Trainee: 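The structure is given below, and queries will be raised subsequently.
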Amino acid sequence: MFSNLFGGIFDSSTVTVIPVYQFLLCVVVSLLLGIVLAAAYTYKSKYNAGFVRTLAILPAVVCIVIMMVNGNVGTGVAVAGAFSLVRFRSVPGSAKEIGAIFIAMGAGLVSGMGYLGYAVLYTVILSLVMALYVQIRAWEKNAGSEKTMVITIPEDLDYTEVFDDLLEAYTSCYELTEVKTTNMGSLFKLTYQLSLKDTSKEKEMIDHLRCRNGNLEIMVKNQETTTTSL
């Protein structure tokens, strides 16, 4: 009885067409699994409502694709086809978002192959792991210290080493990763990747930078993509 729980409902050499009730069962289970994964993703975290709704229905989408190709092509082609249907948003997502997408697609893949017991087990385990990592704040020792800073400067200011002394004083490491012109070439925008020595001195550092860049805009983004503009 217990072994049957984790058997594939399509495991039969005589099955050529998926019965409607089995199709609906897999879709409903996938939708429920999507809701569970969405709840785990939002646990004590900031989130975008549209992304969470998409995450909730993604397992059902993948499940349907897998069921429609099951028996017609190899499993490898089915997996590749399902994954190729998903396009990430034009704005690059965070590592957490990308991970959540792949977890949801995994749940839909297992459901679509008919292994509903394994799909439930997989979803429960991964949801608990995600919630546990958030609860214990795993790997967040340096959270908030890694920043992306965009500094606007006038065109007549030599940007090569103009902020080096300040950045060396307030950061443990920094790198100028991008330089581009703006406002018809009258301004430059410098993008730095840096790690603060002391996050409590972020405003103090920005105040010094503003004095040097003529009080033009400075934008700071942390790992959670929260933006501060001054």
Side-chain angles (χ1 to χ4, degrees), residues 38 41-58 83-105 130 133-134 136-230:
Y41 175 84
T42 59
Y43 178 69
K44 291 187 177 181
S45 301
K46 295 180 181 179
Y47 59 88
N48 177 279
F51 176 80
V52 174
R53 286 192 290 267
T54 301
L55 190 65
I57 65 173
L58 184 57
F83 275 72
S84 68
L85 293 178
V86 176
R87 291 185 59 189
F88 295 108
R89 296 176 300 171
S90 57
V91 178
S94 66
K96 181 181 178 181
E97 290 177 342
I98 296 174
I101 288 173
F102 278 106
I103 292 172
M105 294 180 74
M130 285 195 296
Y133 284 165
V134 173
I136 66 176
R137 302 180 68 84
W139 300 291
E140 291 187 8
K141 182 178 180 180
N142 296 319
S145 65
E146 301 294 330
K147 304 284 183 178
T148 298
M149 178 176 290
V150 181
I151 307 175
T152 303
I153 63 171
E155 63 175 341
D156 58 350
L157 186 63
D158 185 3
Y159 60 80
T160 52
E161 298 179 350
V162 64
F163 301 116
D164 285 5
D165 58 332
L166 292 175
L167 295 176
E168 288 174 0
Y170 288 98
T171 70
S172 57
C173 62
Y174 68 92
E175 180 183 5
L176 179 62
T177 58
E178 182 180 74
V179 177
K180 72 175 183 178
T181 60
T182 185
N183 197 31
M184 301 294 292
S186 62
L187 300 174
F188 282 86
K189 285 195 173 183
L190 314 179
T191 301
Y192 288 90
Q193 301 294 333
L194 52 87
S195 178
L196 295 175
K197 293 179 179 177
D198 185 351
T199 55
S200 65
K201 294 185 177 181
E202 179 179 323
K203 185 180 184 302
E204 180 181 321
M205 178 187 68
I206 292 176
D207 288 339
H208 282 96
L209 292 171
R210 291 174 66 189
C211 293
R212 192 163 297 184
N213 79 331
N215 205 32
L216 295 174
E217 183 183 63
I218 296 176
M219 182 175 65
V220 181
K221 296 184 290 185
N222 61 21
Q223 291 179 339
E224 296 296 330
T225 67
T226 301
T227 303
T228 303
S229 297
L230 295 172

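It should be emphasised that the depicted structure is a prediction, and the values quoted were computed from it without experimental measurement.
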Trainee: Between K189 and E178, is there a side-chain N and carboxylate O pair less than 4.0 Å apart?
Mentor: no
Trainee: If you compare all heavy atoms of L55 against all heavy atoms of A100, which two are closest, and at what distance to 0.1 Å?
Mentor: CD1-O, 3.4 Å
Trainee: With a cut-off of 3.5 Å and sequence neighbours excluded, list every side-chain donor-acceptor pair involving residues 156-169.
Mentor:
| residue | atom | partner | partner atom | Å |
| --- | --- | --- | --- | --- |
| D158 | OD1 | T160 | N | 3.2 |
| D158 | OD1 | T160 | OG1 | 3.0 |
| D158 | OD2 | T160 | OG1 | 3.3 |
| D165 | OD1 | R212 | NH1 | 2.6 |
| D165 | OD2 | R212 | NH1 | 3.3 |
| D165 | OD2 | R212 | NH2 | 3.3 |

Trainee: What residues form a side chain to side chain contact (heavy atoms under 4.5 Å, CB included) with A38, not counting sequence neighbours?
Mentor: V52, A56
Trainee: Please check this pair: side chain of N48 against backbone of F51, looking for a donor-acceptor N/O pair closer than 3.5 Å.
Mentor: yes
Trainee: Looking at side-chain heavy atoms only, is the closest gap between L58 and I101 below 4.5 Å?
Mentor: yes
Trainee: Once rounded to the nearest 0.5 Å, what's the spacing between atom CG of L216 and atom CG of L209?
Mentor: 12.0 Å
Trainee: Which residues pass the side-chain hydrogen bond (donor to acceptor under 3.5 Å, both in side chains) test with K44, sequence neighbours left out?
Mentor: Q135
Trainee: Could you grab the distance from atom CG of L196 to atom CG of D198, nearest 0.5 Å is fine?
Mentor: 8.0 Å
Trainee: Please output the side-chain donor-acceptor pairs of residues 148-155 that fall under 3.5 Å, not counting sequence neighbours, one pair per line with the distance.
Mentor:
| residue | atom | partner | partner atom | Å |
| --- | --- | --- | --- | --- |
| T148 | OG1 | Q193 | OE1 | 2.9 |
| T148 | OG1 | Q193 | NE2 | 3.4 |
| T152 | OG1 | E217 | O | 3.3 |

Trainee: Applying side chain to side chain contact (heavy atoms under 4.5 Å, CB included), can you list everything that pairs with S195, at least two apart in sequence or on another chain?
Mentor: S145, E146, S172, C173
Trainee: Looking at residues at least two apart in the chain, or sitting in another chain, which of them share a side-chain hydrogen bond (donor to acceptor under 3.5 Å, both in side chains) with K96?
Mentor: S45
Trainee: Could you check whether atom NZ of K197 has more than 12 heavy atoms from other residues, nucleotides or ligands sitting under 6.0 Å from it?
Mentor: yes
Trainee: How long is the span from the CG atom in N183 to the CZ atom in F188, to the nearest 0.5 Å?
Mentor: 12.0 Å
Trainee: Quick check for you: to the nearest 0.5 Å, what is the distance between K147 atom NZ and L194 atom CG?
Mentor: 9.0 Å
Trainee: Report the residues that fulfil side chain to side chain contact (heavy atoms under 4.5 Å, CB included) with E175, sequence neighbours left out, ordered by chain and then residue number.
Mentor: T177
Trainee: Rounded to the nearest 0.5 Å, how far does CE of M205 lie from CG of D207?
Mentor: 10.0 Å
Trainee: Without hydrogens or angle criteria, can the side chains of Y170 and E202 be said to hold a donor-acceptor pair below 3.5 Å?
Mentor: no
Trainee: Taking side-chain hydrogen bond (donor to acceptor under 3.5 Å, both in side chains) as the test, write out the residues that go with Y192, two or more places apart.
Mentor: none
Trainee: Once you round to the nearest 0.5 Å, how far does OG1 of T54 lie from CD of E97?
Mentor: 10.5 Å
Trainee: Please determine whether side-chain contact (heavy atoms from CB on, under 4.5 Å) holds for the pair T191 and L176, giving the CA-CA distance in whole Å, both sets of side-chain angles, and the decisive distance to 0.1 Å.
Mentor: CA-CA 6 Å; T191 301; L176 179 62; 5.7 Å; no
